[in-house]
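Okay, so here's the structure we're looking at.
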Protein chains: 2
Amino acid sequence: MVKVGRPPQDPARQLERAHRILDAAAELILRWGYDKTTIDDVAKRSGVAKGTIYLHWKTRDDLFAALLRRERVRMLEDIRASEPATVSELFGRFVAVMLRRPLLRATLVGDSEVLGKLTRMKRQSVTALELGGAFDTYLARLIEHGAVRKEPGDHTTVIGSIVYGFVALPDMLREEARLPDERIAELVADTIGRAMETGRASSAAATRATLDFLDAMVEIARHKLADSMGAKERV
Amino acid sequence: MVKVGRPPQDPARQLERAHRILDAAAELILRWGYDKTTIDDVAKRSGVAKGTIYLHWKTRDDLFAALLRRERVRMLEDIRASEPATVSELFGRFVAVMLRRPLLRATLVGDSEVLGKLTRMKRQSVTALELGGAFDTYLARLIEHGAVRKEPGDHTTVIGSIVYGFVALPDMLREEARLPDERIAELVADTIGRAMETGRASSAAATRATLDFLDAMVEIARHKLADSMGAKERV
DNA sequence: AAATGACCAAATAGTCTCATCTAGTCAGAC
DNA sequence: GTCTGACTAGATGAGACTATTTGGTCATTT
């Protein structure tokens, strides 16, 4: 019995290729913006045929979604790796990392140069972290452990506004009035800390809660990314 | 010797008419947006002929500038009337008043529905207050009097980011996640207070500094408005 | 002098046509 | 089974032209 046809590809190689394609897409989108980046460009740049891209993703938008999800996973991993012990450290890190990742920054502030027609998309980057109940649970734990005050309340809005404000403001300032990214991250951490933390030295329990929360977020993000990468197993 | 020609108009009546025209413009711009609001519309609505409008302002944009300046004067007067004693009260008031004045809010957050093609205009509403050195002087006085801390520094950026974040965030939230305007103003005051104030009961000197600053701002704003209203004395 | 509104040039919006581009498919090559 | 790239339908854009709108002017009226 002679085998016919090409043997099945190594799944690992497929994943690697998917990443190569996303690398190309990221590069092109950052350079030309979403609207001006064509699938042909991405195919050429990543050295595969156009059809191959459609073996991975059903549509152009699916590819973009995967790209963003990958960015998100990497961002969360970076944050997690820095082992923040408090909410303020968590979001200081969040901002620092985000400012270094132009695609994420673009989705947060709605940069139409980069996002093109997708600008009016779900602007979830901040709200996504917070929504889903997990964040509320996390905050509740911190309050319980005395790391976070009850006042002034509405912590989610406070954090969201501070983060958004600090990340978006530089866009509407003269070049020379802008602070360095590192400094901005520092100020975010300081502001959030003063806005809602008790100031007590952070307990091991609070640190645990923060890391648990991040682990959960990383986990979720990885799952979503996995869904976006394995086109073949799509429903 | 017989008088000829129409007697000069009462300047007070002229001013009143200018305000009527601005009232009409404000109404129309809020309803239809800047792009869709024509000079003819404004003339009709305010009950004057088109030419009359051009007796007051040289161009459409001049009229719009006057409108914004009037809004700014009124806003500053409102803030001043509430006699804020601290920076946090000052900006809490600022946000409360601004949220109630859709035109100012639009210029701050760059609402293209309202501003139309002017969206990319100087986004100064926040920065304007702070720029010009007067604000820095004010802050210096507060620090001197022990009302404001030296840390974390970059107070202007901190305040600008907080204000902008809290005012702009609601736009990208689901309706039901938004807080009432009053609550937002409260949170801004609280956040700014904790971010940079010492917490000491505010001294008379600090209050004086705040009111002086506001008086100066009102003064400047009134002058600019006056320039915008008296077309005839234009250079 | 002060106010008006008919008037005009310039911008803007709308229409139609033709050319180009591009997301997604698929028959066939490996 | 895996991958390719020629192919297509529909979108997008350029161009040319017309119709409409509108900011701004100014001769005339009060």
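Note on naming: letters A, B, ... go to the chains in the order of the sequence lines (proteins, then strands), and numbering restarts at 1 for each one.
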Closer to the 5' end of DNA chain C via nearest nucleotide, is it Gly51(A) or Ile39(A)?
Ile39(A)
Map Thr59(A) and Lys36(B) onto DNA chain C by nearest heavy atom, then report which one ends up closer to the 5' terminus.
Lys36(B)
Can you confirm whether the side chains of Tyr54(A) and Asp62(A) place a donor and an acceptor under 3.5 Å from each other?
no
Is Thr38(A) touching bases, backbone alone, or none of the nucleic acid, heavy atoms closer than 4.0 Å?
sugar-phosphate
Between dG23(D), dT4(D), dA3(C), spot the one nearest the side chain of Leu55(B), thanks.
dA3(C)
Please determine, for the side chain of Tyr54(A), which listed nucleotide (dG23(D), dT4(C), dG24(C)) has the closest atom?
dG24(C)
Whole angstrom value for the distance that separates P of dC3(D) from NE2 of His56(A):
7 Å
On a plain distance test, is the side chain of Lys50(B) in donor-acceptor contact with the base of dG23(D) below 3.5 Å?
yes
Can you say whether the rings of Phe213(A) and Tyr138(A) are parallel (under 30°), tilted (30 to 60°) or perpendicular (over 60°)?
parallel
Could you go through the side chain to side chain contact (heavy atoms under 4.5 Å, CB included) check for Met75(A) and Phe94(A) one step at a time?
CA-CA 8 Å; Met75(A) 173 183 75; Phe94(A) 176 74; 3.6 Å; yes
Do Leu179(A) and Leu187(A) have side chains that approach each other closer than 4.5 Å (heavy atoms only, starting at C-beta)?
yes
Does [X] put a side-chain nitrogen or oxygen below 4.0 Å from OP1 or OP2 of [N]?
X	N	result
Thr52(A)	dC3(D)	no
Lys44(B)	dT22(D)	no
Arg17(B)	dA2(C)	no

